[in-house]
Amino acid sequence: MATNTGMTDETGPAAAAGVAPAGQARARRKVFIKSYGCQMNVYDSHRMADTLAPEGYVETHSPADADLVVLNTCHIREKAAEKVYSEIGRMRQLKDSAAGAGRRMVVAVAGCVAQAEGEEILRRAAPVDLVVGPQSYHRLPEMLRRVAAGEKVVDTEFPIESKFDVLAAPTGAATRARGVTAFVTVQEGCDKFCTFCVVPYTRGAEASRPAARIVAEAERLADAGVRELTLIGQNVNAYHGTGPDGREWTLARLMYRLSEIPGIARLRYTTSHPRDVTDDLVEAHRDLPALMPQLHLPVQSGADRVLAAMNRRHTRADYLSVISRLRAARPDLALSSDFIVGFPGESEADFRDTVALVDEVGYASAFSFKYSPRPGTPAADMADQVPEPVKEERLAVLQAAIERSRRAFNLRCLGSTVDVLFEKPGRHPGQLVGRSPYLQPVQVLAPATRIGDFASVTITEIAPNSLFGRLAEQQAAAPAARPAVMALGA
Ligand code: 5AD
Ligand code: SF4
């Protein structure tokens, strides 16, 4: 399975910089947090911001006027780490300008690159003051005090206490500013040890949060206006947290409980491993109305030889059988996946099996990546590394297949009426954008007062990155939701 679905670079209201000693009047300082990679990092960035807020930090969107810059990094593929080092280069200039103006800017590297590289970052990147691994964010205030006293600090421990027990909760205002959808981490880490993946090393062993804490967090979010929760974890359907009844709860059990919270209308979860799709999870897709008909279920390859070398612990047939069970329970389920091309030893025939799998499953969307050797993982030392040009070629072929599949899925939605939860202003003036139950972004002409509402929307047009629709109640009168360009649909 995988760490993430949409890999994003998110900058944003996530925190503030510099921490005042306890008891001292707290100067308002500014923190800029940039998240790379998966939703887990977006969530962690919010928690860091929430932890720094009581220390006097307010978030800024501009690194130039920040007192603290946190780069919350991703190590899953090569480019992600490279991007961080070039971003540190840019921060050096800002840090120098701040120093010229008599102001200190603290630069912190967090996330999986921090975990994997540790002190190496301080050696390689002089502007960095602080390196903090994903399990130690709750210690940030104390670390910043040490930095203020002139130390360079590295903390990549896996502490005994869980950061989740200590990290601050967001205020109602912070939650409202983040919108009507929210992530909630329910488990972290992974025990699967796919041979290409750094996650078991950077995020550690699989650990599930107690259900009562997740429920309490979800209740706070619902009180602040959140309507849709996405439960996240590197291997989210391995969730096995302790329930308030003292028993072990599955992800399905947890979702039934969360669906009882007033205001929580939609649930999603990501990212799942095919081996951990239990019968009760399949039944939840049939029986739990709040659970959206959409699932990210990475397969990585369609060839058994490659799946075995990846240590995926499932075959192509196993994967297809999981999908059949899910579709029997929920025929309209929108599936997405992650694929890796050019894994060591992948032959042309293996690759063709992967493309054929895309055609056979019919994905609503998928992410595809060229294999990138991650130091310390078994696959990095395997013979038969695939040459870069071959990887490039295969990636292009696979992406074309994924695009065909995505378009076919979207075409089936054309003319249908779906529920959309409006999240924010859309691409063009007067539009809002929201998500369909299948996670497609839908642009609709609607007043801003409807942000946070559900509406029945008829899909009128499809484009590569969005669907377009109109409010079903205005169907007769409303014009198309955007200028009539790029109509790929009917
Ligand atoms: N090379 C390329 N892609 C990778 N992924 C994870 N590790 C690697 C790697 N070494 C991809 C997988 C995973 C997604 C989050 O990133 O497809 O599901
Ligand atoms: Fe997903 Fe495998 Fe990595 Fe675990 S080891 S996070 S299952 S890709």
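Whatever order the structure lists them in is the order used to number ligands and atoms, beginning at 1.
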Discussion item. Can you name the atoms of ligand 1, numbered from 1 with element, that are less than 4.0 Å from a heavy atom of Q300?
Written reply: 12 (C), 13 (C), 17 (O), 18 (O)
Worksheet item: With atoms numbered from 1 as shown, which atoms in ligand 2 lie under 4.0 angstrom from a non-hydrogen atom of P200?
Response: 5 (S)
Worksheet item: Taking the inter-plane angle between the rings of H285 and Y269 on a 0 to 90° scale, is it parallel (under 30°), tilted (30 to 60°) or perpendicular (over 60°)?
Response: tilted
Practice prompt. State the atoms of ligand 2, each with its element, that fall below the 4.0 Å cut-off from a heavy-atom position in C194.
Written response: 2 (Fe), 5 (S), 7 (S), 8 (S)
Response to the item:
In terms of heavy-atom contacts, P63 and H61 come closest through CD-O, 3.6 Å
Item to complete: Could you list which atoms of ligand 2 come closer than 4.0 Å to a heavy atom of F196?
Response: 8 (S)
Discussion item. Restricting to N/O/S atoms, is C197 within less than 2.8 Å of atom 4 (Fe) of ligand 2 or not?
Written reply: no
Discussion item. Using a 4.0 Å cutoff against the non-hydrogen atoms of R374, which atoms of ligand 1 qualify?
Written reply: 10 (N)
Fill in: Part of I76 with heavy atoms under 4.0 Å of ligand 1, whether side chain, backbone, both or neither
both
Worksheet entry | Backbone or side-chain N or O of R77 under 3.5 Å from ligand 1 N or O | yes
Worksheet item: Can you tell if the side chain of L421 reaches within under 4.5 Å of the side chain of E228, non-hydrogen atoms only?
Response: yes
Item to complete: Considering the heavy atoms of F369, write down every atom of ligand 1 situated less than 4.0 Å from one of them.
Response: 3 (N), 11 (C), 14 (C), 16 (O), 17 (O)
Fill in: Proximity of K370 to ligand 1 by residue part, where a heavy atom lies under 4.0 Å
backbone
Response to the item:
ligand 2 to H273, heavy atom cutoff 4.0 Å, flagged ligand atoms 7 (S)
Discussion item. A quick test of your reading: do over 12 heavy atoms of other residues, nucleotides or ligands sit less than 6.0 Å from CZ of R275?
Written reply: no
Discussion item. Evaluate R178 against D50 for salt bridge (Lys or Arg N to Asp or Glu O under 4.0 Å), listing each step before the verdict.
Written reply: CA-CA 12 Å; R178 289 169 193 158; D50 297 332; 3.0 Å; yes
Worksheet item: Is the Lys NZ or Arg CZ of R203 less than 6.0 Å from the centre of Y201's six-membered ring, within 45° of the axis?
Response: no
Worksheet item: What closest approach, in Å, do V186 and L254 show between heavy atoms, and which atom pair accounts for it?
Response: CG1-CD2, 4.0 Å
Worksheet item: Do the side chain of K83 and the main chain of Y36 share a donor and acceptor less than 3.5 angstrom apart?
Response: no
Worksheet item: Nearest heavy atom to atom 4 (C) of ligand 1: which of D338, T377, V341, I340 does it belong to?
Response: I340
Practice prompt. Would you please classify the geometry between the Y319 ring and the Y363 ring as parallel, tilted or perpendicular, with 30° and 60° separating the classes?
Written response: tilted
Item to complete: List every atom of ligand 2 that sits less than 4.0 Å from any heavy atom of F193, numbering the atoms from 1 in the order shown and giving each element.
Response: 5 (S)
Worksheet item: Under a 4.0 Å heavy-atom limit, does F196 contact ligand 1 with its side chain, its backbone, both, or neither?
Response: both
